[in-house]
Amino acid sequence: QVRLVESGGGLVQSGGSLRLSCEVSQFTMNYYSIGWFRQAPGKDREGVSCITRSGGTTLYADSVKGRFTISKDKAKNTVYLQMNSLKPEDTAVYYCAGKRQILTAPATCASNEYESWGQGTQVTVAS
């Protein structure tokens, strides 16, 4: 069973920064794409940023490009989402998810293609 554990959420002022962490197993780190998704009250879950198993391809939602950065530390088996210049509209529960990926498969950040999910962490940006 794939286990993903998020941490790092919290309350921050508009314009501030947070770094989310997603801890996974070594197997997951090596064979899975990892994505960050978010869901605000009354809204659909959306893909925020995803990274392939190799780390060679990263994807970002238009709404976070230039503000958020996804990265992976293989030594720590952790995927990070650095969030800068946060806005009130970034307020949501953020989920880390994993998708088993074959090397030739195209990168994707479609939530319905990710089969394993963490419990989520709340991010609240105050105006």
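Heavy atoms only, all atoms of each residue included: Ile34 and Cys22 are closest at CG2-SG, 4.5 Å. Nearest heavy atoms, Lys72 versus Met29: CE-SD, 3.1 Å. Scanning all heavy atoms of the two residues, the minimum distance from Ala40 to Ala92 falls at N-CB, 3.8 Å. Contact detail for Asn84 and Ser17: the closest heavy-atom pair is OD1-OG, 2.9 Å. Scanning all heavy atoms of the two residues, the minimum distance from Leu18 to Gly8 falls at CD2-O, 3.9 Å. Annotation for Gln39 and Lys43: closest pair NE2-O, 3.1 Å, computed over non-hydrogen atoms.
Without hydrogens or angle criteria, Thr52 side chain to Thr57 main chain gives a donor-acceptor distance under 3.5 Å. With hydrogens and angles disregarded, a donor-acceptor distance shorter than 3.5 Å links the side chain of Ser49 to the backbone of Leu59. Side-chain atoms of Tyr60 come within 3.5 Å of backbone N or O of Ile70 as a donor-acceptor pair. Although no hydrogens or angles enter the test, the distance criterion places a donor-acceptor pair under 3.5 Å between the side chain of Thr78 and the main chain of Lys76. Of the possible polar contacts, none joining the Thr91 side chain to the Thr124 backbone as a donor-acceptor pair under 3.5 Å is found. Looking only at distances, a side-chain donor or acceptor of Glu6 sits under 3.5 Å from a matching main-chain atom of Gln119. Put simply, the side chain of Arg67 gets close to the backbone of Ser85: a donor and an acceptor are under 3.5 Å apart. Judged purely by atom type and a 3.5 angstrom limit, Tyr114 has no side-chain atom pairing as donor or acceptor with the backbone of Cys109.
Clustering ILVMFWY residues whenever any of their side-chain heavy atoms sit less than 4.5 angstrom apart, transitively, puts Ile51 in the very cluster that holds Val48. Residues Val93 and Leu4 do not share a hydrophobic cluster, clusters being chains of Ile/Leu/Val/Met/Phe/Trp/Tyr side chains in contact below 4.5 Å. A continuous path of Ile, Leu, Val, Met, Phe, Trp and Tyr side chains, each step under 4.5 Å between heavy atoms, connects Leu20 with Phe68, placing both in one hydrophobic cluster.
Under 4.0 Å is where a charged nitrogen must lie from a carboxylate oxygen, and between Arg38 and Glu46 at least one such pair does. The existence of a salt bridge linking Asp62 and Lys65 is confirmed by a sub-4.0 Å separation between a basic side-chain nitrogen and an acidic carboxylate oxygen.
No donor-acceptor contact under 3.5 angstrom links the side chains of Gln82 and Thr69, judged on distance only.
Under the 4.5 Å side-chain criterion, counting only non-hydrogen atoms from C-beta, Thr58 is not in contact with Cys50. Within the 4.5 Å cutoff, side-chain heavy atoms of Tyr94 are placed close to those of Met83. Annotation: side chain of Thr108 is in contact with side chain of Lys99 (closest heavy-atom distance under 4.5 Å).
With a 6.0 Å radius and a threshold of 12 heavy atoms from other residues, nucleotides or ligands, Asn112 has its CG atom above the threshold. Other residues, nucleotides and ligands place more than 12 heavy atoms under 6.0 Å from the OH atom of Tyr80.
Between Ser63 atom OG and Asp90 atom CG the span is 7.0 Å, to the nearest 0.5 Å. Rounded to the nearest 0.5 angstrom, Ser33 OG and Glu113 CD are separated by 9.5 Å. Once rounded to the nearest 0.5 Å, the distance linking CZ of Arg100 with OG of Ser116 reads 10.5 Å.
Applying the side chain to side chain contact (heavy atoms under 4.5 Å, CB included) test to Gln26 and every residue at least two apart in sequence or in another chain returns Asn30, Asn77.
Annotation: cation-pi pair Arg53/Tyr32 absent, no NZ/CZ under 6.0 Å from the ring centroid and within 45° of its normal.
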Report the C-alpha distance between Phe37 and Trp117 in whole Å, list the side-chain angles of each, state the deciding distance to 0.1 Å, and finish with yes or no for ring pair (Phe, Tyr, Trp, His ring centres under 6.0 Å). CA-CA 10 Å; Phe37 301 82; Trp117 293 79; 4.9 Å; yes

